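Along the sequence shown, the residues carry numbers beginning at 1. Just so it is clear, the structure is predicted and the values come from calculations on it, not from any experiment.
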Amino acid sequence: QLHNGYYKCELCVGQSDFEELITEKAYKNRRSATSGIINSPKNLSLARFVTIMPLLYNDGKDNLEYHPAGMRLASIKKPSDAMTEIHRMLDIIKARGFPFRTDGVILYPLDKDLRINHNDYMDEAIAYKINTAEGKTKIKYGYMSIGRLGNAIPMVKVEPVEVNETIVEDVSLSSYDKYAGMDLHENETVIIYSAGDVIPQLKVCEPREYNSNSPYLKIPRTCPYCNEALERIGSEYKCTNPNCPRLITGQITNFLVKLGAENISDKTIELLYENRL
């Protein structure tokens, strides 16, 4: 703390530190490790694995200057130079060997004296949101996921793959039309990536990677709960069987959630229904 303010920092666990950390405490990934250590006093002894990356520093005159860790200067004379430099930076931080998980890059225009606008650090800055990692895996099978109100979403079960430090095994294909247009094959190698840093998405490899005799991936247009044919409504498919256990329990769960009931899951209500409770 300075007498005129605070340092602004990012706290994170680097890859090499994480590998040593999990020998002492088994965290699932670097994100959960960072939050687990800094939010719990009992984990204070593990703080040595956390790296503090200052975004603001003292210039020696009690002035806070903006200085992001990992900053690099680039001479940009035309727009194409900016894009070239951005792609260079993206290649660096997307690499699996990059020590920290990074989800964006910001370009700050500076004047000829390398000064930034201190009235507004983000003035004319351009931010780029990125996905830091993607993983290749193989399709195991396809299936339909039925929502609480009967909406049917085609899903793909894949061999476990790590993407953005999350193990992914199930991927939504959004709609049946999208699934049909992808012409996926059984055991095909696909790329899983994280859209918006949250939702796993699937894309095919270019060129495609599957055996020449591999059949198309089939996802039946039937409800896995009641085996009734799904009904197409507009561009979507739904289960409209009033006796479908998924719809019956889904409506109950949906009602309880809207009432604000806590710790209510679809599985809990399904088990109560199956046992006639």
Side-chain angles (χ1 to χ4, degrees), residues 15 28-31 80 83-98 100-105 126-148 150-225 227 229-239 246:
Q15 181 59 38
K28 289 184 177 180
N29 53 55
R30 289 178 281 173
R31 177 187 289 175
S80 60
M83 295 309 299
T84 298
E85 190 60 31
I86 289 167
H87 284 293
R88 285 178 185 167
M89 196 66 172
L90 294 180
D91 288 341
I92 293 172
I93 67 176
K94 280 184 175 181
R96 287 195 174 275
F98 193 71
F100 298 103
R101 185 178 180 280
T102 309
D103 64 0
V105 171
I126 304 173
Y128 290 83
K129 196 76 173 175
I130 64 167
N131 296 307
T132 57
E134 57 185 31
K136 274 189 173 184
T137 185
K138 283 193 173 185
I139 292 175
K140 294 175 71 175
Y141 58 86
Y143 65 97
M144 276 292 190
S145 173
I146 307 297
R148 291 172 182 166
N151 295 315
I153 302 295
M155 304 285 294
V156 172
K157 176 73 76 172
V158 298
E159 294 178 358
V161 60
E162 181 182 336
V163 178
N164 271 345
E165 300 184 38
T166 299
I167 301 301
V168 176
E169 295 185 69
D170 298 271
V171 186
S172 167
L173 296 181
S174 303
S175 71
Y176 201 88
D177 287 347
K178 180 179 178 181
Y179 147 73
M182 294 180 77
D183 291 332
L184 296 172
H185 289 69
E186 293 182 8
N187 298 312
E188 181 172 359
T189 297
V190 292
I191 298 170
I192 307 299
Y193 66 100
S194 184
D197 204 32
V198 177
I199 304 172
Q201 298 284 303
L202 179 150
K203 60 183 178 181
V204 297
C205 300
E206 294 294 346
R208 303 287 289 266
E209 296 184 20
Y210 57 84
N211 294 330
S212 58
N213 60 350
S214 179
Y216 284 109
L217 180 71
K218 294 181 180 179
I219 302 181
R221 285 177 290 186
T222 55
C223 175
Y225 290 85
N227 295 318
L230 298 172
E231 181 180 346
R232 182 160 184 136
I233 301 176
S235 61
E236 306 296 333
Y237 282 90
K238 293 188 69 172
C239 176
R246 174 57 173 155

[X] side, atom [atom1]; [Y] side, atom [atom2] - distance, nearest 0.5 Å:
X	Y	atom1	atom2	result
Glu186	Leu217	CD	CG	6.5 Å
Cys239	Asn227	SG	CG	10.0 Å
Glu159	Thr137	CD	OG1	5.0 Å
Ile192	Glu134	CD1	CD	10.0 Å
Arg208	Leu184	CZ	CG	6.0 Å
Ile153	Lys238	CD1	NZ	11.0 Å

pair [X]-[Y]: side-chain heavy atoms closer than 4.5 Å:
X	Y	answer
Val190	Ile139	yes
Asn151	Glu236	no
Leu230	Cys223	yes

Residue pair [X] / [Y]: nearest heavy atoms and the distance that separates them:
X	Y	value
Asp177	Ser235	OD2-O, 4.1 Å
Lys218	Pro220	O-CD, 3.8 Å
Leu202	Met182	CD2-CE, 3.3 Å
Val163	Gly135	CG2-N, 3.9 Å
Ile191	Cys205	CG1-SG, 3.8 Å
Ile219	Met155	CD1-O, 3.6 Å

Sequence neighbours left out, what passes salt bridge (charged side-chain N to carboxylate O under 4.0 Å, His left out) with [X]? Give chain and number order.
X	result
Asp183	none
Arg246	Asp266, Glu270
Glu169	none

Atom NZ of residue position Lys178 - does it have more than 12 heavy atoms of other residues, nucleotides or ligands inside 6.0 Å?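 Yes, enclosed.
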Using 30° and 60° as the class boundaries, would you call the ring planes of Tyr216 and His185 parallel, tilted or perpendicular?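 Tilted: the ring planes of Tyr216 and His185 meet at 30° to 60°.
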Aromatic rings Tyr179 and Tyr176: how do their planes relate, parallel, tilted or perpendicular, breaks at 30° and 60°?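 Tyr179 and Tyr176: perpendicular rings.
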Asn29 side-chain N/O to Arg31 backbone N/O, donor-acceptor pair under 3.5 Å: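 Confirmed, Asn29 side chain pairs with Arg31 backbone.
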Tell me whether Arg148 contacts the main-chain N or O of Gly150 through its side chain, where contact means a donor paired with an acceptor under 3.5 Å.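 It does not hold such a pair.
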